[in-house]
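Report on the structure given below.
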Amino acid sequence: MRASAIAQPNIAVIKYWGKRDLARNLPAVGSISVTLSTLYTEMQVEIDTALAGDVLLVNAEENRSMLARVSDCVDIIAGIDRPAVRVSSKSNFPIAAGIASSASAFAALVVAAAAAFGLSIPRNRLAQLAGRASGSAARSMLGGFVELENDTDNIRVGSLLSAADWPLEILIAITAPGPKPVSSGDAMEISRRTSPFYDLWIEQQAADLAEARAAIRQRDLQRLGAIAEHNCLKMHSVMWGSRPPMIYWNSATIACMQTIRELQARGVAVFFTIDAGPQLKAICAAADVMTVRTALLATDGVLELMQSGIGEGARLVSA
Ligand code: 2P0
């Protein structure tokens, strides 16, 4: 009747931007991400027949704005005739600020909800169901380097390398902690409808995925960095070319990019990526993490640095 699960957010090195089926929330492109280890969302789902309707607590406070999305996700797992649930979510990082909080939240939610209702659902099916709630959540079902394949009729997730196979470090430079002005889902739709670069973005994704896959298999950080930065900046070009433009960066985001370029010029193996928010994520070998930390902390406008290794997929914890 009650179950808890933990999931980690993931950072895409080859991005998901755009949907090909709004009703089923199917992405228009495949993507590749790394699952983080130190940031987490823990979700507890408790069936409570005494409740008149579902209740959602986020970090111990009742939250009505996210309730409908959470209820829909539990419906997808347990059916609409299910009893009401009390869902409690805890995270150790800012929500809706471009650090993939919906990915860890919905990955943990599907695992906890399936267990609370006593359902045994294969992992790939859970990934598909999590993906209906949030496209990127499907990737947090697995650990390490994860590819989300955009098949003809559904999605499939697969692991390219485990966390232990290539122990990289990820630094997240927080440049503004508040929630983003436009949700990723809405912004993607605006891009699809209005950006003159959108079709080209979709067309080129298979080549970017193949290049990243090869770089990951070879554990070639420089090769992965080159394609990841290209893919990230191309996604943001699609956003900037949208009407109205979707500009998530601030001046500190650009200062952080400059810092990474300077490190690269000094021979440090590091690359950046930026999602639908103003935070910059730097990915480097464990041996270089102190150098990258120091440089990012000295960059104007960086408020805080979060650090993570590569972690595991969503899993049950004792409730
Ligand atoms: C990604 N993002 O691949 C890309 C890069 C943001 C920028 O996946 O509408 O919050 O819920 O499916 O999962 C954010 O997308 O979007 C995202 P929905 P989601 O990480």
Side-chain angles (χ1 to χ4, degrees), residues 7-36 39 41 65-66 68-70 72-73 76 91 94-110 127-142 145-150 154-155 157 170 172 179-193 195 198 201-202 205 208-209 212 227-240 242 246-249 253 272-281 283 314:
Q8 260 85 325
N10 65 76
I11 305 294
V13 292
I14 299 294
K15 307 292 191 187
Y16 148 49
W17 197 253
K19 301 174 198 281
R20 74 181 150 91
D21 183 333
L22 267 181
R24 290 192 295 160
N25 201 41
L26 288 175
V29 287
S31 52
I32 296 177
S33 59
V34 287
T35 304
L36 303 183
L39 311 187
T41 303
S65 62
M66 299 259 297
R69 220 171 146 195
V70 165
D72 287 351
C73 182
I76 289 172
S91 282
I95 292 171
I99 317 177
S101 56
S102 64
S104 52
F106 287 105
L109 181 60
V110 295
Q128 291 172 350
L129 300 176
R132 295 245 206 119
S134 176
S136 56
R139 299 188 308 236
S140 279
M141 293 305 303
L142 299 178
F145 282 81
V146 178
E147 176 162 8
L148 184 150
E149 286 177 64
N150 173 36
N154 221 319
I155 57 152
V157 288
I170 297 100
I172 303 176
K180 57 185 120 185
V182 184
S183 75
S184 306
D186 290 348
M188 285 179 202
E189 269 308 285
I190 292 169
S191 288
R192 186 182 65 78
R193 288 200 306 267
S195 179
Y198 184 80
W201 157 255
I202 303 290
Q205 189 78 341
D208 290 6
L209 286 164
I227 191 63
E229 289 185 358
H230 169 69
N231 187 264
C232 162
L233 293 173
K234 199 162 53 179
M235 176 186 77
H236 284 276
S237 304
V238 172
M239 296 178 187
W240 284 41
S242 302
M246 297 293 128
I247 301 175
Y248 286 105
W249 302 356
T253 317
F272 69 81
T273 189
I274 305 160
D275 294 296
Q279 336 303 355
L280 177 136
K281 289 98 181 194
I283 302 183

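Below, each value reflects all heavy atoms present in this structure, side chains not excepted, and no hydrogens, waters or symmetry copies. For ligands, and for the atoms within them, numbers begin at 1 and follow the listed sequence.
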Could you give the distance from [atom1] ([X]) to [atom2] ([Y]), rounded to the nearest 0.5 Å?
X    : Y    : atom1 : atom2 : answer
W249 : I274 : CH2   : CD1   : 5.0 Å
D72  : N25  : CG    : CG    : 11.5 Å
K281 : I11  : NZ    : CD1   : 4.5 Å
L22  : M188 : CG    : CE    : 10.5 Å

Provide the number and element of each atom of ligand 1 under 4.0 Å from a heavy atom of [X].
X    : answer
N25  : 12 (O)
M235 : 5 (C), 7 (C)
M188 : 15 (O), 16 (O)
K19  : 9 (O), 12 (O), 18 (P)
G185 : 9 (O)
S102 : 10 (O)
G135 : 11 (O), 12 (O), 13 (O), 18 (P)
A12  : 1 (C), 3 (O), 20 (O)

Check whether any side-chain heavy atom of T41 sits under 4.5 Å from a side-chain heavy atom of P9, and report yes or no. no
Any donor-acceptor pair under 3.5 Å linking the side chain of [X] with the backbone of [Y]?
X    : Y    : value
R139 : T35  : no
Y248 : H236 : no
S140 : A137 : no

Where does [X] meet ligand 1, judged by heavy-atom distances below 4.0 Å: at the side chain, the backbone, both, or neither?
X    : result
R132 : neither
S134 : both
I11  : neither

Is there a heavy atom in [X] that sits closer than 4.0 Å to ligand 1?
X    : value
S31  : no
E189 : no
A276 : yes

So, regarding K15 and ligand 1 (criterion: nitrogen or oxygen to nitrogen or oxygen, under 3.5 Å), is there a contact or not? no
Answer yes or no: does an N/O atom from W17 fall short of 3.5 Å to an N/O atom of ligand 1? no
Residue of the set L148, V29, L209 for which side chain to side chain contact (heavy atoms under 4.5 Å, CB included) holds with I14: L209
My understanding is that only one of I227, I283, D208 makes a side chain to side chain contact (heavy atoms under 4.5 Å, CB included) with V13; could you say which? I283
